[in-house]
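As the structure is a computational prediction, the values presented were derived from the model and not from experiment. A note on names: the letters A, B, ... follow the listed sequences, proteins ahead of strands, and every chain is numbered from 1.
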Number of protein chains: 2
Amino acid sequence: MLRITPRGNNDTRAFPRFAVTVDIVLLSVVAGTLHVLLIERADRTHRGMWALPGGFKKPDETLDEAASRELLEETNVAAPGHLTQFHSYGDPGRDPRGNVVTVAYLAAVPPLDNRRVAGGGDASRADGVPVDDVVRGRRKLAFDHARIIRDAVDHVVDQIDRTPIALGFLGPTFTITDIRRVHEAVVGEPLDAANFRRRLLSVDRPIIQPTDRLNNPGTDGGRPATLYRRASARSRR
Amino acid sequence: MLRITPRGNNDTRAFPRFAVTVDIVLLSVVAGTLHVLLIERADRTHRGMWALPGGFKKPDETLDEAASRELLEETNVAAPGHLTQFHSYGDPGRDPRGNVVTVAYLAAVPPLDNRRVAGGGDASRADGVPVDDVVRGRRKLAFDHARIIRDAVDHVVDQIDRTPIALGFLGPTFTITDIRRVHEAVVGEPLDAANFRRRLLSVDRPIIQPTDRLNNPGTDGGRPATLYRRASARSRR
DNA sequence: ACAATAGTGTCTATTAGACAATATGTA
DNA sequence: TACATATTGTCTAATAGACACTATTGT
């Protein structure tokens with residue numbers, strides 16, 4: 001017994017309508033700990049509640065474009081390479097304002113400059129908080145945003161060893177130790193520096209390439225590390 | 001400069017509305033080849049075009065429930081374990097009927113019984129076709145369904161070695177050779193039987209467990225293989 | 001000199017892969 | 001018996017992990 005839906009009149013106007021939002025889980029690694037950017041909402045229905053940045057998709061843009069636009073508008077962060085869709089949410093009642101389906105995106109960015117991200121607009125505040133506070137329930141969020149963040153972190157843990165996503169957390173140049181610290185923050189345990197380096201450099205298509213510069217050892221001293229940058233798509237051939 | 005969207009009146013009625021559909025990529029392995037189930041549409045706007053089964057999400061059901069319901073309604077297949085959401089699509093103009101966002105699901109099922117899947121209802125036909133025909137463009141589909149199928153196959157290739165998804169393609173009992181043939185169909189190359197078996201059985205949390213039965217060697221003979229079944233969640237502890 | 005961090009060498013254990021050998025069925 | 005398929009054994013290569021050691025800086 002095979003039927004296609006809808007029967008007869010197939011015009012979409014005959015079917016329930018939803019608002020579609022894109023929400024962005026903006027992750028960074030600060031002091032060895034994963035952080036997520038939250039905003040305090042100033043709108044009437046959710047005043048004072050903390051939530052993920054995001055907003056409504058427009059009919060004339062793609063989902064990816066909507067995510068990039070919202071990210072730029074709300075956090076002043078230009079869309080980085082790793083802005084990836086990871087799951088959609090549509091449970092009934094998840095948004096008290098009505099039928100809302102949310103497409104969630106994940107962005108890995110370098111530590112945020114608080115001066116550029118805080119204050120202004122309709123959000124009373126914006127703040128990066130440790131994801132652990134959210135995951136452990138110490139920080140309550142609006143909607144199902146705590147679950148979305150949990151799913152995003154699971155996704156990063158799943159991808160960290162198989163994709164260059166760790167580089168999203170770093171600036172244009174970085175040391176191998178920088179990359180390792182990102183991995184350590186994600187997996188939650190220390191990694192052997194020697195073995196990590198070997199594995200990273202032994203892949204067939206290198207994702208990083210050395211520059212001719214060294215970084216500046218801090219006041220603590222130590223041998224200066226070579227600075228790397230992302231390998232161009234060309235050099236990865 | 002931080003603003004939250006929307007400004008002021010935050011009621012969702014002020015924002016564009018979309019129809020939300022769930023489409024299901026129903027994959028099976030027939031004669032060593034990946035197949036996908038397509039239906040021929042009988043509705044006014046797309047009469048005669050082949051497309052993925054799917055339909056509109058209702059406000060009072062989750063996305064997963066909508067996918068299970070549509071799968072059951074349109075293909076008579078009860079939702080198997082591996083009905084997983086893998087991507088959402090919202091490009092402007094992707095559906096000529098208007099603003100439609102589609103959440104795509106992937107289902108791995110045993111080879112379909114044609115008597116149960118064909119004919120009836122508003123679909124003039126239903127048919128399992130080799131995914132290769134779709135991927136290589138030999139079979140034209142409605143909407144962006146060819147791209148969705150390509151993404152689904154990429155997802156399976158990515159997951160086949162890391163999840164029990166292969167078991168979705170098999171019935172309640174199966175031999176290790178059955179599992180290997182599924183893997184071979186997905187990765188597109190033959191796998192060493194001895195090494196495949198060892199790897200499969202040496203995982204710490206076994207995903208299969210032997211029964212006390214053997215399967216019946218075909219008319220070609222050969223040593224009968226032990227039949228396995230899925231390991232219960234309990235025995236995986 | 002001493003502490004701190006980067007980077008190399010080396011040894012062992014584990015895993016992956018090729019492929020031979022054995023077990024058990026049908027025709 | 002000849003053939004087909006399942007299952008086990010064995011050897012080698014590649015990889016992963018622990019950890020000692022060398023290199024280069026700041027104080």
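Considering only side-chain atoms of Arg223(A), the nucleotide from dA23(C), dA16(D), dT5(C) that sits closest is dT5(C). Side chain of Pro217(A), nearest nucleotide from dT25(D), dT27(D), dG25(C): dT25(D).
Here Ser202(B) lies out of heavy-atom contact (under 4.0 Å) with every strand. If you check every strand for non-hydrogen atoms under 4.0 Å, Thr226(A) touches sugar and phosphate atoms only.
The CG atom of Asp220(B) sits 16 Å away from the P atom of dG25(C) (whole-angstrom rounding). For the pair Asn216(B) CG and dT24(C) P, the interatomic distance rounds to 17 Å; values are reported in whole Å. Straight-line distance from the CG atom of Leu227(B) to the P atom of dT5(D): 17 Å, rounded to whole Å. If you measure from atom CG of Leu200(A) to atom P of dA6(C), you get 14 Å, rounded to the nearest angstrom. The distance between atom CZ of Arg199(A) and atom C1' of dG7(C), rounded to the nearest whole Å, is 17 Å. If you take CG of Leu201(A) and P of dG7(C), they are 9 Å apart, rounded to a whole angstrom.
One finds a salt bridge joining Asp161(A) and Arg199(A) here, because a Lys/Arg side-chain nitrogen approaches an Asp/Glu carboxylate oxygen to under 4.0 Å.
Under the 4.5 Å side-chain criterion, counting only non-hydrogen atoms from C-beta, Trp50(B) is not in contact with His145(B). Val29(A) is not listed as a side-chain neighbour of His35(A), based on a closest heavy-atom distance of 4.5 Å or more.
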Exercise for the section: With salt bridge (Lys or Arg N to Asp or Glu O under 4.0 Å) as the test, would you mind laying out the steps for Arg69(B) and Glu65(B) before giving the verdict? Expected result: CA-CA 6 Å; Arg69(B) 176 180 54 75; Glu65(B) 287 166 356; over 6 Å; no
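Distances shown here put a side-chain N or O of Thr177(A) below 4.0 Å from the OP1 or OP2 atom of dA6(C).
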Listed pairs under 3.5 Å, donor-acceptor, residues 148-160 of chain A side chains, sequence neighbours left out:
residue, atom, partner, partner atom, Å
Asp151(A), OD2, Tyr89(A), OH, 2.6
Asp158(A), OD1, Arg162(B), NH1, 3.0
Asp158(A), OD2, Arg162(B), NH2, 3.3

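Toward the 5′ end of DNA chain D lies the nearest nucleotide of Tyr228(B), the other residue of the pair Tyr228(B) and Pro224(A) mapping further downstream. Mapping Gly218(A) and Ile176(B) onto DNA chain D by nearest heavy atom places Ile176(B) closer to the 5' end of the strand.
One can find a donor-acceptor pair under 3.5 Å joining the base of dG9(D) and the side-chain atoms of Arg198(B).
Residues Thr102(B) and Arg94(B) bring a donor and an acceptor atom of their side chains to less than 3.5 Å of each other.
Remark: Asp192(A), Ala194(A), Asn195(A) in residues 178-197 of chain A come within less than 4.0 Å of DNA chain D through at least one heavy atom.
Pairs engaging residues 191-233 of chain A under the ring-ring contact (aromatic ring centres under 6.0 Å, His included) rule: His183(A)-Phe196(A) [sequence neighbours left out].
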